[in-house]
Protein chains: 2
Amino acid sequence: MSCESRAIDQLRESGVRLTPQRAMVLEAIYHNDGHLSVDEVHERVQQQSPYVDLSTIYRTVMFLKQQGVIGELRLDGQPVRYEAVRYGKEHHHAVCSTCGAMIEIDSVDMQELSDILTQKYGFAVNLIHLTLTGQCAACQAISP
Amino acid sequence: MSCESRAIDQLRESGVRLTPQRAMVLEAIYHNDGHLSVDEVHERVQQQSPYVDLSTIYRTVMFLKQQGVIGELRLDGQPVRYEAVRYGKEHHHAVCSTCGAMIEIDSVDMQELSDILTQKYGFAVNLIHLTLTGQCAACQAISP
DNA sequence: TTGGCAGTTGCGAACTTTTGCAACTGCGGT
DNA sequence: ACCGCAGTTGCAAAAGTTCGCAACTGCCAA
C-alpha cells in the first residue's frame, strides 16, 4: 500500500471523482518529504503522463486543498508550495520573517484556539493547515 | 487629522520612505470600511494621481502588509483584498466555507495561541492578520 | 539649505494563474 | 456489462502578478 492510500480513501468516501490526474498529483505530493511548487508537481506528473496540462495541476491542487488532503504554503517572495497532510502528523507552519527558518507546529497546539472560537463565536474552524509568521528564538536573541 | 495618521507615524518611526504613492494607497485603504482589491485601490489612487502604475500598487500593498499597517484577505475564488489594521481594532477573519459569511475574530482570542508558541517553541508570532476557514453556527445547524 | 545616494517609481515585457469551451470519462443506476 | 450525464480535462486565450531597468526622489548629513 502506498502512503497516499488513506487520502485516496478519504476522497472516495467524500463521493468525489477520482481521476488518474488527481491520483498522480496526490502521489507526487505524498511521495515527497518537502514542499512542491505547482511547476514541480507538473514536472513529476508529466514524467508519468506527458499530456497533463498545467491548468489541470492548478485546478487539482486547489481541489485537493479544499478536500483537506494537501496543505498550502504561501511565503512572501516564494512560489506557493503544497505538501501532504498525513494522518497523525498534521501540523502547521511558523516561518521566521528574519532568517526564513521554518518550524512545524503540532496540530494539538491549535486546539485551544479552536475551542475558543467554538465557545465564543460558534464557529467550527477547519484547521487543516495554517502558516504563521514571526521571529524564531535565535533571531529574537540577535535583534529583539 | 486623518484616520491613517497613526499608520503614517508608524512608518516614519520605522525609518522607511514615505512616498506620495504610499500615502495615497494607505489613504484609499483606510478611508474605506470594507476590503479593497488591488484594482479597486488602483482606481481610487488614479483619481488623485492618474499616472500611478498598477505595479506600484502591487509593490506598495506588499510593502504595507509587511510593515503591518494593512492586512491581506485571501479567499478561494475571490481576488485578494486588503484592509486597514486600525489601532485598538485589530482583528482576524473566519470565513464560512459553506455560505461565505465572514466573522471578525478579536485579536485577544489569539493571545492564548501566541503564549503557547512562545513557551513551547520560543517563537514570537506576528499576529497582524490571519484568515481562518470553517463553518459558521448557522451552516453547522443545517448540515453538520 | 543643499547634495548625494539608497530606495522607489513608471514602463514594458515576461511570467504565472485563471477561465471558457468542446470533448471526454468516472461512476452510479439499470 | 452497459448507459447517461455531471463533473473533469486539454487547449488556447485572457487576466492577474512580478520583474528589470533607467529615471527620479525622500531623507539624512553636512
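Protein chains get the first letters and strands the later ones, always in sequence-line order, with residue 1 at the start of each.
When rounded to the nearest whole Å, the span between CD of A:Glu40 and C1' of C:dT17 equals 17 Å. Atom CG of A:Leu54 is separated from atom C1' of D:dG10 by 12 Å (rounded to the nearest Å). Note: CD (A:Gln78) to P (D:dC19) measures 12 Å, nearest angstrom. Separating the NZ atom of A:Lys65 from the P atom of C:dT17 is a distance of 12 Å, rounded to the nearest angstrom. One can place CD1 of B:Ile57 at 9 Å from P of C:dT9, the figure rounded to the nearest angstrom. B:Glu13 has its CD atom 17 Å from the C1' atom of D:dC28, to the nearest Å. Between the CG atom of A:Leu11 and the P atom of C:dC27 there is a distance of 10 Å, given to the nearest Å. One atom, CG of B:Leu75, and another, P of C:dT18, lie 14 Å apart when rounded to the nearest Å.
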Measure all distances between protein nitrogen or oxygen atoms and nitrogen or oxygen atoms of nucleotides 7-9 of chain D, and list the pairs falling under 3.5 Å.
unit_1, atom_1, unit_2, atom_2, d
D:dG7, O4', A:Arg17, NH2, 3.3
D:dG7, N2, A:Arg17, NH1, 3.3
D:dG7, N3, A:Arg17, NH1, 3.3
D:dG7, N3, A:Arg17, NH2, 3.4
D:dT8, OP1, A:Arg22, NH1, 2.9
D:dT8, OP1, A:Arg22, NH2, 2.7
D:dT8, O5', A:Arg22, NH2, 3.4
D:dT9, OP1, A:Thr19, OG1, 2.8
D:dT9, O3', A:Gln21, NE2, 2.8

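Using the six-membered ring where Trp is involved, B:His92 and B:His129 have ring planes that are parallel, under 30° apart on the 30 and 60° scheme.
Regarding contacts with the backbone of D:dT17, a side-chain N or O of B:Tyr58 is found under 4.0 angstrom from either OP1 or OP2.
Remark: the A:Ser55 side chain and the A:Asp53 side chain contain an N/O donor-acceptor pair separated by less than 3.5 Å.
Mapping B:Ser55 and B:Arg12 onto DNA chain D by nearest heavy atom places B:Ser55 at the nucleotide closer to the 5' end.
Closest approach of A:Ile116 and B:Asp109 over heavy atoms only: CD1-O, 3.7 Å. Of all heavy-atom pairs spanning B:His42 and B:Val52, the tightest one is NE2-O, 3.0 Å.
For the pair A:Ser14 (side chain) and A:Gln10 (backbone), a donor-acceptor distance under 3.5 Å is present.
Heavy atoms of other residues, nucleotides or ligands lying less than 6.0 angstrom from CG of A:Asp33 number 12 at most.
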